[in-house]
2 protein chains.
Amino acid sequence: MSEATVSRVLNGVGPVKEETRRRVMEAAKQLNYVPNALAQRFARQKSGNLGVILPLLPKVNVFSTYYFSEILSGIGHTAKHSGYDLLMLFREPGEPREYANLFRTQKVDACIILGAQNIPTDYDALEELQLEGHPFCLINQRFDGKPYNTVDADHRMGSFDAVTHLMQQGCQRIWFLNGPPVFSNSLDRLEGYRQALEAAGMTFDPDRVLAGNYSRKSGYAHAEAFAELIRTGQADAIIAANDRMAIGLLQGLKEKGVRAGADYALVGCDDSDGARLTDPPLTSIAVPFYEVGSEAASRLLGTLAETEPPVPFTVKLPVRLVARASSEV
Amino acid sequence: MSEATVSRVLNGVGPVKEETRRRVMEAAKQLNYVPNALAQRFARQKSGNLGVILPLLPKVNVFSTYYFSEILSGIGHTAKHSGYDLLMLFREPGEPREYANLFRTQKVDACIILGAQNIPTDYDALEELQLEGHPFCLINQRFDGKPYNTVDADHRMGSFDAVTHLMQQGCQRIWFLNGPPVFSNSLDRLEGYRQALEAAGMTFDPDRVLAGNYSRKSGYAHAEAFAELIRTGQADAIIAANDRMAIGLLQGLKEKGVRAGADYALVGCDDSDGARLTDPPLTSIAVPFYEVGSEAASRLLGTLAETEPPVPFTVKLPVRLVARASSEV
DNA sequence: GTGAAAGCGCTAACAA
DNA sequence: TTGTTAGCGCTTTCAC
């Protein structure tokens with residue numbers, strides 16, 4: 001029995017007589033044989049790896065652990081059932097982004113990029129990937145006018161719903177605490193806020209937009225000034241672009257005796273674990289992170305299976321407002 | 001210039017004339033050449049991968065996201081600086097644990113195992129690895145009498161400190177809410193609790209040990225009964241074997257008007273993000289998860305570099321009590 | 001339906 | 001110090 005036949009049987013390709021097939025399988029079992037993946041991949045010129053590029057989270061920063069593990073689980077589950085292994089590629093702060101090399105060295109067949117920002121370093125690296133025709137997909141970040149594969153949630157709609165919800169609760173002066181504009185999430189969320197106000201016949205006031213950096217601390221830092229705005233009747237509600245800032249703000253205001261769900265209404269974004277832990281519990285926009293991850297993986301790996309040149313995809317998954325006590329009046 | 005010389009230069013091995021070296025490097029830069037990692041690894045018969053085996057967390061269960069991402073970051077950072085890539089291997093519930101095949105197929109050179117339990121399926125898989133001499137390391141789980149490489153935190157000491165702290169606060173009737181005994185963490189924490197009581201001349205009462213499963217829900221489920229114990233003076237403090245159970249219990253008791261840090265003292269374990277979010281904030285035992293991960297990776301990869309047969313290691317990192325309002329009386 | 005043989009791009013032993 | 005060459009274990013064309 002030849003090497004080639006064994007290969008055919010084990011890979012289920014080509015014509016094989018049933019009898020032969022049986023004998024090979026039996027022998028394999030007998031000998032406890034498993035094919036050497038390294039050799040296999042080398043011969044096929046396919047790494048069998050899906051790369052996941054993400055910032056190293058030293059003691060948790062911009063990225064919340066919730067966001068991170070949900071997305072990763074979604075990717076992992078899908079990759080596994082598509083026969084791909086997951087290669088984690090941590091990118092550290094000052095480091096050059098040699099994403100294209102991952103493909104040139106054949107470490108990955110495709111990759112998913114988390115935490116990309118709209119800055120030249122990131123943009124250039126993506127542009128290089130695109131030019132060389134490497135399959136990749138962004139999660140939670142889009143680049144205007146660029147046809148990069150992207151899977152995102154509908155953050156614009158999330159903010160829109162948050163404003164609508166607050167107005168239904170009777171709020172009139174709704175503020176917005178945003179994250180940095182290098183993340184398209186921030187822009188989308190702000191846009192939804194603006195649209196909802198205008199749809200309700202109110203005017204969008206840029207002075208009511210505060211700047212944070214998605215950390216709890218940056219939310220906390222706005223507490224003092226915002227307390228004053230509430231006391232003087234200039235604000236009765238605020239939407240924070242993520243839960244961490246919302247929670248920081250909530251805690252800071254509480255220390256000043258200003259209570260969410262009573263003295264003002266508060267809405268966060270992400271519906272992370274933490275939203276259920278605060279007092280009062282935090283109203284938030286639930287984002288299907290697990291699905292974002294699995295959708296990105298399945299779409300991307302899908303393109304690898306096709307023969308025709310793949311068409312770029314842009315997926316936007318729906319979000320959902322989860323009302324809790326922090327947004328009551 | 002021959003293939004071999006180029007290989008020598010690029011890998012920095014063997015004698016090479018400086019002039020040659022320079023010319024090769026220059027040409028490589030010129031041609032934008034990067035070595036094919038797949039071929040390299042195949043020729044070397046080394047995958048260059050550190051495997052991380054962990055349970056798939058479908059919507060977050062036993063594993064907290066905090067625990068997960070801290071450990072993973074620690075592993076990732078170290079692996080990266082040792083020149084290894086991280087291969088994530090998600091294990092799904094019913095699935096057979098064919099860990100040894102990862103080595104036979106040469107997908108990994110070594111692996112770190114998270115979330116192992118003291119049950120036959122897990123034990124058998126580890127025993128197989130050990131017999132075949134594959135390098136692996138357990139995180140946060142030990143098997144009595146087995147010389148498996150392990151990196152853990154000193155959970156026994158953590159509970160010991162928690163009890164001591166509560167007694168200093170004047171607590172007399174301290175209960176313990178434990179996790180399942182299939183995790184050595186649970187046993188260690190219970191042991192520390194027992195030892196601290198006895199060291200203080202008090203008797204260990206097994207009836208004061210409640211059973212949970214590390215979920216918030218399981219903490220919440222004990223609230224009703226525990227409220228009664230507090231009211232009747234049978235309990236004035238409780239230690240939960242992780243923060244999630246502590247938080248569930250805290251929330252359940254709060255709904256019944258029984259306040260942590262006032263009506264009873266509460267201590268959790270892990271010092272996760274959530275400990276800072278509850279009201280009152282949760283006193284907890286901080287575990288250096290990031291360091292646990294990086295220590296595991298560096299020890300394990302260290303053994304690969306040695307020539308002599310490696311000596312098994314067992315590392316126990318210190319924990320630290322972080323006092324917050326929940327443990328006041 | 002099966003076998004023979006070339007080759008995937010490197011490394012490493014050996015020769016020069 | 002450098003070149004030659006034989007693999008590494010599989011897949012895949014091409015004969016038969």
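By convention in this document, chain letters (A, B, ...) are assigned in the order of the sequence lines, proteins followed by strands, and residues within each chain are numbered from 1. None of the values given here were measured: they were computed from a predicted structure.
As rounded to whole Å, 18 Å separates atom P of C:dG7 from atom CG of B:N36. Rounded to whole Å, atom C1' of D:dT12 lies 14 Å from atom NZ of A:K46. Between the CD atom of A:Q45 and the P atom of C:dG7 there is a distance of 14 Å, rounded to whole Å. To the nearest angstrom, C1' of D:dT1 lies 11 Å from CE of B:M1. Spacing between atom CZ of A:R8 and atom C1' of D:dC14 amounts to 11 Å, rounded to whole angstrom units. Rounded to an integer number of Å, the gap from B:R41 CZ to D:dC10 P is 19 Å. B:L38 has its CG atom 13 Å from the P atom of D:dT11, to the nearest Å.
Ion pair A:R91/A:D122 not flagged as a salt bridge, since none of the NZ, NE, NH1 or NH2 atoms sits closer than 4.0 Å to an Asp/Glu carboxylate oxygen.
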Residues A:N49, A:D109; criterion side-chain hydrogen bond (donor to acceptor under 3.5 Å, both in side chains); working and verdict: CA-CA 6 Å; A:N49 289 149; A:D109 296 335; over 6 Å; no
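Using a 30° and 60° split on the angle between ring planes, B:F68 and A:F68 fall in the tilted class, from 30° to 60°. Taking the six-membered ring for Trp and thresholds of 30 and 60 degrees, A:F143 and A:Y123 have ring planes inclined between 30 and 60 degrees apart. Using bins of under 30°, 30° to 60° and over 60° for the plane-to-plane angle, the ring pair B:F289/B:Y66 lands in the perpendicular bin.
Evaluated for a salt bridge (charged side-chain N to carboxylate O under 4.0 Å, His left out) with B:E19, the options B:R22, B:K17, B:R21 yield exactly one hit, B:R22.
Between A:T5 and C:dT2 there is no side-chain N or O to OP1 or OP2 distance below 4.0 Å. Between B:Y33 and C:dG9 there is no side-chain N or O to OP1 or OP2 distance below 4.0 Å. Within the 4.0 Å cut-off from OP1 or OP2 of C:dG9, not a single side-chain nitrogen or oxygen of B:Q40 is found.
In this structure, of D:dC10, C:dT11, D:dT2, it is D:dC10 that holds the atom nearest to the side chain of A:E3. Closest to the side chain of A:N11, from the set D:dT2, D:dT11, D:dG9, is D:dT11. Closest to the side chain of A:V16, from the set C:dT2, C:dC10, D:dC10, is C:dT2. Distance from the side chain of A:R44 is smallest to D:dT11 among D:dT11, C:dC10, C:dT2. In the set D:dT11, C:dG9, C:dA4, the nucleotide with an atom closest to the side chain of A:A4 is C:dA4. Minimum atom distance to the side chain of A:A43 is reached by D:dG9, of the listed C:dC10, C:dG3, D:dG9. Distance from the side chain of B:S2 is smallest to D:dT4 among D:dC10, D:dT4, C:dG1.
Taken residue by residue, residues 18-29 of chain A places heavy atoms nearer than 4.0 Å to DNA chain C at A:T20.
If you find the closest nucleotide of DNA chain C to B:V13 and to B:F42, the one lying nearer the 5' end belongs to B:F42.
The 12-atom threshold is exceeded at NZ of B:K316, counting heavy atoms of other residues, nucleotides or ligands nearer than 6.0 Å.
Shortest non-hydrogen contact noted between B:L301 and B:A79 is CD1-CA, 4.1 Å.
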